Amino acid sequence: MANKRAGGGLTGTQQAAKFLGVSVLSGAVLAGIALPAIGALGLAAKGTVEGFDEIPANLKTPPLSQRTTILDSQGGQIATVYSRDRTVVPLKDISPYMQKAIVAIEDSRFYEHGAVDLKGVLRAVNKNAQTGGVTEGASTLTQQYVKNVFVEEAGDDPDKVAQATQQTIGRKIRELKYAIQVEEELGKKKILENYLNITFFGQQAYGIEAASHRYFSKSAKDLKLEEAALLAGIVQSPSRYDPVNDTEEAVKRRNTVLQRMADTRDVSQEEADRAKEAPIKLKVSKPKNGCITAVSGAGFFCDYVRKTILSDPAFGKTEEERQKLWNLGGLTIRTTLDPRAQKAANEAATSKVNKDDKVAASVVQVQPGSGKILSMGQSRPYGLDQKRHETVLNLAVDNKMGGTTYGFQVGSTFKPITAAAALEKGLSPAQTFATPWKITLPMNSFTNCSGSPAGSGTWPVQNELQSEAGSWDMTSALGKSINTYFASLEQMAGLCETVEMAKKMGYKTGDGKKIGEDPSITLGAEESTPLSMAATYATFANRGTYCSPVAIESIADPNGKSLPVPKTSCSQAMSEQTADTINQMLKGVVEDGTGTAAGLSDRDNAGKTGTTNDRKDAWFVGYTPNLSTAVWVGDDIGEKTSMFRITIGGQYYDKVCGGCLPGPIWKIAMSGALDASETPSFNPVSVPRGEEKEDKEDRDRDRDRDDREKPGDPGPGGQTPWPGVSIPPDLIGGGNNRGQTNGGPANGGATATPWP
């Protein structure tokens, strides 16, 4: 009569015996082989036999996590990224020596038994009973494969890994059932293939292909006998038998495998002895994982691609789904990155700003008409080592995609947006405003998009120089960046119309919030990003059609199946006439305005400088018909530095301006990225001019305005040249003067000229 537990009923082991039969009882005992004694476990039957029918009928083999390869637009490799370094290969691409070695050392009767090796179980039970401990296991290679599947499915979750490897009869019986199913459904060859692709071989290498490359820098199909035996020996204990860290132990283990292969007649004794005498000749390839290994300074772009996949619903409805897709990997991602443009952008960003300077430079390029991001360059290298001045902060993008918290004030680079809004409303480029060098405008003369006044009181605005008093038309005001003109133009065009034009052109804030509806927006008080500005200006280059920026052209899964990717979205932001007119006016900026240092002499090009309050941010954003580039220079760490009396890139600057540092960087990036044989032109239009009156006294100095000290600028010493005079914040354009209500002289006269 069967023995029963004190509480009645059979013991857990006896229930297993009743369920599986006497012969498979040894299989249940297998659960205790790796433990000193089953009786000491105090295991209950629940979760074993009673729960057997609850186990899913089919083994859910998860896709194996593999390395993802990120390519540029020409197919060149940018970087490989992975949670586990693995490349799945078919059995035919694995050396026969490797196949024989792993079977010989892990399960020499693999081709003779089923899911359970009864003879091996009895042998192990007998030996462990004799020693009183655990000296031998009896899991078949199939059972090991099933266990590895559980571990793989657990990923990097320590709790799930513990559950997948816990030493209980319940887990062993579940493992046994799955092993039986696997034997029936897959067959020996497929099991061996799967096992060799899932197993961990140490040194961050998962699967035989990755292991072969890691230790010998060759494919698994080319492994020699002694190399295959070495790798097969690692599996039992990857840390103990690691040939990189302990050659002596690795040699002993290799020779054990070789002898086992001779004993099983997979090789002759002579072959085994010869292989034992062979020295270990490692050719270690260090793991190259992540965006830190990206070529041509493309680490920031690589990380932008990663964040795109993790955040865009095109890659999964939930964050968990997108994260799973990325972690599983095995993807081939072809991006929009142009290798020539990236090389140029990286060289430009580092050409005039050193990585250890107080300030940093960011360069980003977008293709008009397609929205393709062609490059992202930065003066500080991508990485985590702050001692080497590395950073993972992507200065080109918004906070959501890895950028700064708010972005950067864009200064006078916003003024062309106001000009576009005015032209769309019907105002002429010949529109003139006669103003003193400093004015105040009533806040209630600006209406936000809800139909309410923008504020109360007055808004003080002044130009950089006292000599900048007179009458200006739109072309001259853009070329000389006249603040008073654009404040008055916004007043006439409409604050809401200006904000709406910015939205239609793709202008976005760095923190992802709604664009502020304050009159100071026309002078660049809102924060944005280089990527947003490059895409916004690409609208001008594309004759008024905005295309949202994209970084990914295509993605293929491990089986070569194409996955859907987000596409650019294009919409008409303004008429072609308006865009053509802006292009002609901005050509003047680089020909004889504030951006002459940036101008390209061999093709049509246009752009705008921008310098914000206290010279904390300096910009140049410009374009040709086929390329738009934004360059920003400023402080990327902590409290923003005012760029006065500062050395950058080994060159001393009395004060940094948009035309004197970002401008030349822009010129380097554009010249390197553009093909000399492709020189498309802007669509020529006639731009009407207004009658202007300018104070001639300082005209010559005004042509290079960005290189002069600004009156009233406290500078680094904090002293104002005119004691008792209150200086408004917006001296250069782009200062944070939102809602100022200081008094001042009235606005000068405005002459409205209709645009035919």
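Because the structure is predicted, anything quoted here is derived from the model rather than measured. When a residue number appears, it is its place in the shown sequence, counting from 1.
Between W632 and F408, the ring planes are parallel. Angles under 30° get that label, and only those over 60° would be called perpendicular.
Between the side chains of N683 and D580, at least one donor N or O lies within less than 3.5 Å of an accepting N or O. For the 3.5 Å distance criterion, the side chains of Y623 and N583 qualify, holding a donor opposite an acceptor. Side-chain atoms of S476 and R689 include a donor-acceptor pair closer than 3.5 Å. Between the side chains of E424 and T578, at least one donor N or O lies within less than 3.5 Å of an accepting N or O. Judged by distance alone, the side chains of S375 and Q365 do bring a donor and an acceptor atom under 3.5 Å apart. Between the side chains of T475 and D473, no donor-acceptor pair of N or O atoms lies under 3.5 Å. Remark: the K415 side chain and the T418 side chain contain no N/O donor-acceptor pair separated by less than 3.5 Å.
Heavy atoms from other residues, nucleotides or ligands lying under 6.0 Å from NZ of K288 number 12 at most. Remark: Y653 OH is packed, more than 12 non-hydrogen atoms of other residues, nucleotides or ligands lying under 6.0 Å away. For K587, the NZ atom is densely surrounded, since the number of other residues' heavy atoms within 6.0 Å is greater than 12.
Salt bridge absent: D72 and R334 never bring a charged side-chain N and a carboxylate O closer than 4.0 Å.
Here salt bridge (Lys or Arg N to Asp or Glu O under 4.0 Å) pairs that include residues 352-368, with residues two or more places apart or in two chains, number zero.
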